[in-house]
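A short write-up of the structure that comes next.
The structure displayed is predicted, hence computed values, not measured ones. Along the sequence shown, residues carry numbers from 1.
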Amino acid sequence: MTNNSTIDRKDFLKQVGMGFGAIMLMNCLQSCSETEIPDPDPIVNTDKLDFSIDITAAGNTALQTKGGFLVVGTKKVIIARTLSDTWIAVSSACTHEGTTINYRASSNDFLCPNHLSTFSETGAVTKSPATSALKKYNATFSVNTNTVRVFE
Ligand code: FES
């Protein structure tokens, strides 16, 4: 730039360019922050396990007794009613080689009959050869409907 009131071409373009760039940056920042378009078809995770069973129905009556258990094969879940009348649900396939596990009321844990791995009521491995925990689910009982709900 010169000392008088004139401006040379190079300085003019530099100033105009910086001004234009600043305006474009502001527009971009505003449009990015203000016009977020909602997803019209959001993906909802429907894979979460959530089912209920009636303990008075044929085939489910083992759960009418404290200490009883039931394997729901279609869901790959074992539901146990503890001796203290609480409800437990974990994945029924042993994490070693997939054998269906059993519930042991006296020790309140799960036993795999294949290679004798054991799992706690939370699904944690308490005896190998299994090394991975069973998946634990929430289990609630409704006295009004005589149903156990198992869900994630
Ligand atoms: S399959 Fe369960 S311990 Fe091997």
Side-chain angles (χ1 to χ4, degrees), residues 13-152:
L13 290 175
K14 191 188 288 181
Q15 289 178 4
V16 169
M18 286 175 58
F20 183 73
I23 290 169
M24 292 304 290
L25 179 62
M26 289 297 290
N27 281 340
C28 179
L29 291 174
Q30 284 178 341
S31 66
C32 290
S33 63
E34 292 176 3
T35 57
E36 190 170 301
I37 300 168
D39 186 348
D41 189 18
I43 296 171
V44 177
N45 184 358
T46 56
D47 294 338
K48 292 209 179 260
L49 190 79
D50 191 344
F51 68 95
S52 296
I53 61 160
D54 181 347
I55 67 168
T56 63
N60 299 343
T61 56
L63 292 175
Q64 291 181 12
T65 308
K66 292 177 187 174
F69 74 93
L70 176 71
V71 175
V72 182
T74 55
K75 304 294 183 184
K76 296 187 170 140
V77 169
I78 183 169
I79 303 169
R81 185 174 189 169
T82 69
L83 293 174
S84 57
D85 208 14
T86 59
W87 298 84
I88 306 170
V90 295
S91 51
S92 60
C94 178
T95 57
H96 181 228
E97 290 183 357
T99 302
T100 300
I101 59 171
N102 296 314
Y103 174 68
R104 299 189 300 185
S106 59
S107 49
N108 192 33
D109 66 358
F110 299 92
L111 169 70
C112 176
N114 199 356
H115 308 110
L116 306 180
S117 282
T118 58
F119 303 87
S120 74
E121 65 182 303
T122 65
V125 176
T126 50
K127 185 176 168 221
S128 61
T131 57
S132 300
L134 301 169
K135 183 169 179 61
K136 175 119 170 63
Y137 299 102
N138 300 302
T140 56
F141 181 68
S142 168
V143 178
N144 295 333
T145 58
N146 279 323
T147 56
V148 182
R149 179 182 172 214
V150 176
F151 59 101
E152 292 182 67

Legend entry - Partner set under side-chain contact (heavy atoms from CB on, under 4.5 Å) for S128, not counting sequence neighbours: none
Legend entry - Where V150 and A89 come nearest, the two heavy atoms and their spacing: CG1-CB, 3.8 Å
Legend entry - Heavy-atom check, side chain of I101 versus side chain of L111, under 4.5 Å: no
Inset, instruction - Specify the closest pair of heavy atoms between D54 and T145, including all atoms of both residues, with the distance to one decimal. - result: OD1-O, 4.4 Å
Inset, instruction - Using the test side-chain contact (heavy atoms from CB on, under 4.5 Å), find all partners of T82 that sit at least two apart in sequence or belong to another chain. - result: S84, T86, I88, Y103, N108
Legend entry - L83 CG to S106 OG distance, which is reported to the nearest 0.5 Å: 7.5 Å
Legend entry - Sequence-distant partners of D85, side chain to side chain donor-acceptor pair (under 3.5 Å), two or more places apart: R81
Legend entry - By side chain to side chain donor-acceptor pair (under 3.5 Å) - contacts of S120 (at least two apart): T122
Legend entry - Sub-4.5 Å side-chain heavy-atom contact between H96 and P129: yes
Inset, instruction - Write down the atom of F110, the atom of E121, and the distance for their closest heavy-atom approach. - result: CE1-CA, 4.1 Å
Legend entry - Pairs involving residues 87-113, ordered by first then second residue, that meet salt bridge (Lys or Arg N to Asp or Glu O under 4.0 Å) (sequence neighbours left out): R104-D109
Inset, instruction - Please collect all salt bridge (Lys or Arg N to Asp or Glu O under 4.0 Å) contacts where either partner lies in residues 136-152, sequence neighbours excluded, each pair once. - result: D50-R149, K135-E152
Inset, instruction - Take T140 and V148, measure what side chain to side chain contact (heavy atoms under 4.5 Å, CB included) needs, and give me the verdict at the end. - result: CA-CA 6 Å; T140 56; V148 182; over 6 Å; no
Inset, instruction - Taking salt bridge (Lys or Arg N to Asp or Glu O under 4.0 Å) as the test, write out the residues that go with K66, two or more places apart. - result: none
Legend entry - Closest approach of S91 to I78 (non-hydrogen atoms, all atoms of both residues): O-CG2, 4.1 Å
Inset, instruction - For residues T61 and T56, report the shortest heavy-atom separation together with the two atoms involved. - result: CG2-O, 4.3 Å
Inset, instruction - State the CG-CG distance between N146 and N60, to the nearest 0.5 angstrom. - result: 11.0 Å
Inset, instruction - Determine, stepwise, if the pair F51 / K75 fulfils side chain to side chain contact (heavy atoms under 4.5 Å, CB included). - result: CA-CA 9 Å; F51 68 95; K75 304 294 183 184; 3.6 Å; yes
Inset, instruction - Kindly determine whether I79 and V72 satisfy side chain to side chain contact (heavy atoms under 4.5 Å, CB included), including the steps that lead there. - result: CA-CA 8 Å; I79 303 169; V72 182; 3.9 Å; yes
Legend entry - Pairing residues for F119 by the ring pair (Phe, Tyr, Trp, His ring centres under 6.0 Å) criterion, not counting sequence neighbours: none
Legend entry - Distance, nearest 0.5 Å, that separates NZ of K76 from OG of S92: 8.0 Å
Legend entry - Partners meeting side chain to side chain donor-acceptor pair (under 3.5 Å) with Y137 (sequence neighbours left out): none
Inset, instruction - List the atom of T95, the atom of S132, and the distance in Å for their closest heavy-atom pair. - result: OG1-O, 2.5 Å
Legend entry - Atom pair SG (C94) and CG (N102), whose distance is rounded to the nearest 0.5 Å: 11.0 Å
Inset, instruction - Using ring pair (Phe, Tyr, Trp, His ring centres under 6.0 Å) as the criterion, list what pairs up with F141, not counting sequence neighbours. - result: W87
Legend entry - Test side-chain contact (heavy atoms from CB on, under 4.5 Å) applied to A133 - qualifying residues, sequence neighbours left out: none
Inset, instruction - Could you list the residues that satisfy side chain to side chain donor-acceptor pair (under 3.5 Å) with T126, not counting sequence neighbours? - result: T118
Legend entry - Pairwise distance CG(N114) to OG1(T99) - rounded to 0.5 angstrom: 3.5 Å
